[in-house]
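Single-structure report; data block below.
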Amino acid sequence: MGPAQGAGRAPTAAEGVAVLGLGRFGGQVAASLLRLGHEVLGIDDDPKLVQQWSDQLTHVAQADSTDNEALRQLGVPDFGRAVVGIGTDIEASVLTVLALTEIGVQEIWAKAVSTKHGKILSAVGAQYVIYPEAAMGDRVAHLITSRMLDFIEFDDGFAIAKIRAPEDMVGRNLADIGLRTRWGVTVVGVKTPGQEFDYAQASTVIPTGSVLIVAGTTEQVQQFAATT
């Protein structure tokens, strides 16, 4: 299962996002949104977390995220997009998504800790359900059992991986190596330490110490990584 369910356009930097639940997941999402140039409203019922984030986020408030009226008073409907980072308290997570739906938030992202939890979140109005633990666990398993430096798998069985260029490819161009013919994978780009990312072409020569960005089906990427 992929890290998220749902689809839609990406937000622009001018749009604000409300993040409800400022624990490890919600806090990281809020901080990343802020770095990307978005206005962020952080909400949590824990005064310690509110104090922790008060100097970092655009707006921070202590409130019950399941309370429709409290969310209206904080202007949450004006943001249009919300992220529910509450995970361990499943009841609060579900009721928060329900409250957001009832006050008219158009796009809701919500963290789920299990498939059943995710189905309930979808049923009460979450357009996007995120499974961060499952996604990270799968990713780490791939990294532990292979020589891949990074790995991302998509819902349709497609994957992208970052792999150190094998020694037998150094100094050769991609056309001669024939990875697509031999392994079914495509080299998207080549990154050499200290240099800019280079989109791959048939004539691209693999430098010493470089890293390959490889794409293909999950099985193809895994099989190619096992040979490096």
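FYI, the numbering just counts along the sequence from 1. Atom set for the values below is all heavy atoms of this structure, side chains included, hydrogens, waters and symmetry mates excluded.
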What side-chain donor-acceptor pairs closer than 3.5 Å can you find for residues 173-183, not counting sequence neighbours?
from : atom 1 : to   : atom 2 : distance (Å)
N173 : OD1    : A175 : N      : 3.2
N173 : OD1    : D176 : N      : 2.8
N173 : ND2    : D176 : OD2    : 3.3
R180 : NE     : T186 : OG1    : 3.3
R180 : NH2    : T186 : OG1    : 3.2

* Of L49, L74, L22, which is the lone residue that meets side-chain contact (heavy atoms from CB on, under 4.5 Å) with I43? -> L74
* Asked: When rounded to the nearest 0.5 angstrom, what is the spacing between CD1 in I108 and CG in L121?
  -> 10.0 Å
* Distance, nearest 0.5 Å, that separates CG of L57 from CG of L33 -> 9.5 Å
* E39 CD to F79 CZ distance, which is reported to the nearest 0.5 Å -> 4.5 Å
* To do: Please lay out, stage by stage, how V84 and W109 fare under the test side-chain contact (heavy atoms from CB on, under 4.5 Å).
  => CA-CA 6 Å; V84 180; W109 296 68; over 6 Å; no
* Sub-4.5 Å side-chain heavy-atom contact between I163 and F224 -> yes
* Compare all side-chain heavy atoms of L100 with those of L71 and state whether any distance is below 4.5 angstrom. => yes
* Asked: Please, which pairs that meet ring-ring contact (aromatic ring centres under 6.0 Å, His included) have at least one residue in residues 188-212, sequence neighbours excluded?
  -> F197-Y199
* **Exceeds 12 heavy-atom contacts within 6.0 angstrom, atom CD of Q106** => no
* Out of V76, I86, D45, L95, which residue meets the side-chain contact (heavy atoms from CB on, under 4.5 Å) rule with S65? -> I86
* Is there a donor-acceptor pair under 3.5 Å between the side chain of E167 and the backbone N or O of T208? -> no
* Structure fact -> Here the pair of heavy atoms bringing G27 nearest to W53 is O-CH2, 3.2 Å
* **Within-4.5 Å side-chain heavy-atom neighbours: V190 and P207** => yes
* What's the shortest heavy-atom distance between F158 and G216, and which atoms? -> CD1-O, 3.4 Å
* Minimum side-chain heavy-atom gap E91-D89 below 4.5 Å -> yes
* Would you say S54 and Q51 make side-chain contact, with heavy atoms under 4.5 Å? -> yes
* **V19 side chain near V40 side chain, heavy-atom distance below 4.5 Å** => yes
* Asked: In this structure, are over 12 heavy atoms from other groups packed under 6.0 Å from Q56 atom CD?
  -> yes
* Asked: Taking all atoms of both residues into account, what is the closest heavy-atom pair of A165 and I206, and its distance?
  -> CB-CG2, 3.5 Å
* To do: Would you check if the side chain of Q73 reaches a backbone N or O of A70 as a donor-acceptor pair within less than 3.5 Å?
  => no
* Would a distance-only check, ignoring hydrogens and angles, find a side-chain to backbone donor-acceptor pair under 3.5 Å from S114 to H117? -> yes
* Is the closest side-chain donor-acceptor distance between Q28 and S32 under 3.5 Å? -> yes
* Check: V214 and V188 side chains under 4.5 Å, non-hydrogen atoms -> no
* Would you say the side chain of M169 lies within less than 4.5 Å of the side chain of L212, judging by non-hydrogen atoms? -> yes
* Structure fact -> Interatomic distance, CD@Q222 vs OG1@T218, rounded to 0.5 Å, equals 6.0 Å
* To do: Kindly say whether V97 contributes a backbone atom to a donor-acceptor pair with the side chain of T101 at under 3.5 angstrom?
  => yes
* Asked: Out of curiosity, R164 CZ to K191 NZ, how far, rounded to the nearest 0.5 Å?
  -> 13.5 Å
* Regarding T204 and Q201, is there a side-chain donor-to-acceptor distance under 3.5 Å anywhere? -> no
* To do: Establish whether V94 and I103 are linked, either directly or via other cluster members, by ILVMFWY side-chain heavy-atom contacts under 4.5 Å.
  => yes
* Over all atoms of both residues, closest heavy-atom pair of P47 and Q62 -> CB-OE1, 3.6 Å
* Locate the shortest heavy-atom distance separating A215 from I160; write the atom from each residue and the value. => CB-CG1, 4.1 Å
* Would you please test L41 and V17 for side-chain contact (heavy atoms from CB on, under 4.5 Å) and show each step? => CA-CA 6 Å; L41 167 62; V17 182; over 6 Å; no
* To do: Could you pull out the closest heavy-atom pair between A112 and V129, with the gap in Å?
  => CB-CG1, 3.7 Å
* Determine, stepwise, if the pair Y128 / E107 fulfils side-chain contact (heavy atoms from CB on, under 4.5 Å). => CA-CA 8 Å; Y128 300 79; E107 189 172 304; 3.6 Å; yes
